[in-house]
Amino acid sequence: MTAPITLMPTYARQPVAFVRGEGIWLYDSDGKRYLDTTAGIAVCGLGHAHPGVAKAIAEQASTLVHTSNLYRVPLQEQLAERLCAVSGMSRAFFGNSGAEANEAAIKLARLHGYSKGIETPTIIVMENSFHGRTMATLTATGNAKIQEGFGPLVQGFERVPFDDLEAIKAVAARNPNIVAILVEPIQGESGVRTAKAGFGYLKSLRELCDQHDWLLMIDEIQTGNGRTGRYFAYQHAGILPDVLSTAKGLGNGFPIGATLVSGRATELFSPGKHGTTYGGTPLGCAAALATMDGLLDGVVANAEVMGQRIRDGFTRELGDLGVYVEGAGLMLGVVLPKPCTELVALAREAGVLLIVSAENRIRLLPPLILTAAESDELVSRISALARAFLAPSHEARA
Ligand SMILES: *Cc1c(COP(=O)(O)O)cnc(C)c1O
């Protein structure tokens with residue numbers, strides 16, 4: 001299967017295409033079934049072709065798709081209310097993607113700075129982070145490969161190592177222009193990296209932000225919407241951010257993102273300060289409301305239980321080979337003792353879809369609805385593949 005030359009080659013695509021999905025399963029045109037541990041990259045938390053979401057989209061599409069933000073959008077108001085209720089945040093702005101949600105966050109940080117007379121507001125960002133592909137969000141991203149070729153980058157960011165409070169204190173001591181910290185609760189794109197203190201790290205960041213009147217801006221584009229076993233990951237830490245960005249899992253595949261504010265960030269946007277044509281359409285909000293209905297009907301709790309089951313499973317099956325698991329809920333990094341990018345193709349041939357990040361980390365992001373039997377199947381199939389891959393005989397063949 002050769003790639004069509006009329007698509008810009010921004011992705012090195014795998015030679016497979018799917019025609020249908022159901023729950024945690026995807027089917028190709030030959031009817032071959034694949035266990036999907038990627039969920040469209042942490043998007044389809046309710047699984048593929050979820051009946052409730054499908055019905056909501058179909059009914060809304062034949063009622064009213066779009067009107068614009070010149071008018072009130074009742075479904076947008078309902079979704080804002082629902083998200084604020086579940087998150088503890090105060091207000092929402094809707095866009096169409098994660099990068100847009102972070103762009104709004106970055107604009108809010110700058111407004112916060114200007115409100116205090118800071119004319120070169122600067123945001124602390126982390127090494128190995130990922131925040132998107134627009135100019136500001138790729139600047140915020142801690143990955144040189146993503147930035148290469150796109151300079152000059154956007155001004156107003158200072159980078160520190162993830163999970164290093166002392167580095168932040170050092171920046172605070174020398175740079176009076178800091179206005180915010182932008183951080184992922186668990187770093188996703190770099191392979192599911194957690195802080196040593198787990199979610200306690202967020203609590204420490206909250207204290208630092210309070211101390212310095214900075215905005216704590218949490219990027220929950222990947223960790224949100226139940227992925228880690230709470231609706232939002234910061235809820236494990238018992239804190240509230242000032243700015244929260246989310247997207248991926250919010251629409252179960254329908255493109256929608258949101259930026260939520262509370263506390264010192266609540267009043268920063270006023271009419272004319274931000275906008276979007278498509279953000280928060282009746283159709284997108286209907287999809288997100290149906291997704292939230294599904295997630296809040298026991299699915300978030302299921303993510304916690306199945307996550308633990310899968311962790312225990314890998315520890316039991318592969319612990320003797322030096323394999324360990326990082327992450328929370330159903331956002332898990334299975335760390336192998338050697339680079340394992342080859343596993344992606346081996347697994348696909350065996351009917352399992354995997355993501356490998358940071359060379360030696362299998363990043364598991366399965367639908368949050370998976371059952372105990374499906375969790376066990378996931379563990380046993382991936383363990384068998386990993387065990388064969390790690391066996392000395394594989395090395396000899398390679
Ligand atoms: C995916 C992701 C983004 C970017 O979202 P897009 O919808 O691709 O723009 C930003 N931050 C994190 C943590 C992500 O995982």
Side-chain angles (χ1 to χ4, degrees), residues 8 10-11 37-45 93-109 123-143 145-147 150 154 157 159 162-163 180-195 199 201-202 205 216-228 232-234 241 243-260 276 278-280 284 287-288 291 326-333 355-358 361 363-366 368:
M8 292 196 204
T10 52
Y11 284 89
T37 75
T38 76
I41 318 186
V43 166
C44 305
F93 176 89
F94 294 103
N96 312 287
S97 67
E100 281 173 81
N102 280 337
E103 284 280 344
I106 292 163
K107 287 177 71 173
L108 286 163
I123 301 169
I124 293 180
V125 290
M126 308 293 162
E127 290 175 6
N128 296 314
S129 61
F130 182 78
H131 298 295
R133 300 285 198 153
T134 60
M135 280 311 305
T137 59
L138 79 81
T139 302
T141 291
N143 179 340
K145 262 197 228 151
I146 284 175
Q147 298 173 339
F150 300 114
V154 175
F157 294 95
R159 195 169 308 285
F162 181 69
D163 197 17
I181 296 175
L182 175 62
V183 66
E184 297 157 85
I186 295 175
Q187 294 189 313
E189 293 305 298
S190 58
V192 188
R193 288 175 199 270
T194 52
F199 296 110
Y201 177 51
L202 297 178
L205 294 179
L216 176 60
M217 310 204 299
I218 304 192
D219 178 343
E220 295 238 21
I221 289 159
Q222 188 157 158
T223 53
N225 304 292
R227 178 56 52 191
T228 72
F232 288 110
Y234 66 79
V243 180
L244 164 66
S245 51
T246 192
K248 291 197 167 94
L250 181 57
N252 210 54
F254 193 93
I256 183 166
T259 309
L260 280 79
T276 164
Y278 285 132
T291 302
E326 230 183 293
L330 286 171
M331 179 170 182
L332 297 171
I355 299 172
V356 169
S357 307
R361 288 166 175 253
R363 182 160 56 124
L364 297 175
L365 303 161
L368 311 180

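Just so you know, ligand 1 is whichever comes first in the structure, and atom 1 is the first atom listed for that ligand.
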Going by the 4.0 angstrom heavy-atom rule, the piece of S97 near ligand 1 is both

Ligand 1 to D219 polar contact by distance, N or O atoms, under 3.5 Å | yes

In short, side-chain hydrogen bond (donor to acceptor under 3.5 Å, both in side chains) pairs touching residues 248-259 with sequence neighbours left out are none

Would you check if the side chain of R159 reaches a backbone N or O of A140 as a donor-acceptor pair within less than 3.5 Å?
-> yes

Looking only at atom types and distance, does a side-chain atom of N128 sit under 3.5 Å from a main-chain N or O of S190, one as donor and one as acceptor?
-> no

Enumerated ligand 1 atoms positioned under 4.0 Å from heavy atoms of E184 = 13 (C)

Would you kindly specify which portion of N102 sits under 4.0 Å from ligand 1, judged on non-hydrogen atoms: side chain, backbone, both or neither?
-> side chain

Considering the heavy atoms of Q222, write down every atom of ligand 1 situated less than 4.0 Å from one of them.
-> 15 (O)

Give yes or no for whether the N/O distance cutoff of 3.5 Å, strictly under, is met between A99 and ligand 1.
-> yes

Mode of K248 contact toward ligand 1 - side chain, backbone, both, neither (heavy atoms, under 4.0 Å) | side chain

Please work out which of G257, A140, G98, S129 has its closest non-hydrogen atom nearest to atom 6 (P) of ligand 1.
-> G98

Heavy atom of protein inside 4.0 Å of atom 8 (O) of ligand 1, strictly below = no

Taking Q187 for its side chain and E127 for its backbone only, find out whether a donor-acceptor pair lies under 3.5 Å.
-> yes

Sorted by chain and residue number, the side-chain contact (heavy atoms from CB on, under 4.5 Å) partners of E100 (sequence neighbours excluded) come out as N96, S97, T276

Main-chain N/O of N102 paired with T137 side-chain donor or acceptor, under 3.5 Å | no

Y278 atom OH: more than 12 heavy-atom contacts under 6.0 Å | no

For ligand 1, which part of H131 has a heavy atom less than 4.0 Å away: the side chain, the backbone, both, or neither?
-> backbone

Are any of the N or O atoms of G132 closer than 3.5 Å to those of ligand 1?
-> no

Mark yes or no for whether E184, through its side chain, and T223, through its backbone, hold a donor-acceptor pair below 3.5 Å.
-> no

What do you reckon, does F130 have a nitrogen or oxygen under 3.5 Å from a nitrogen or oxygen of ligand 1?
-> yes

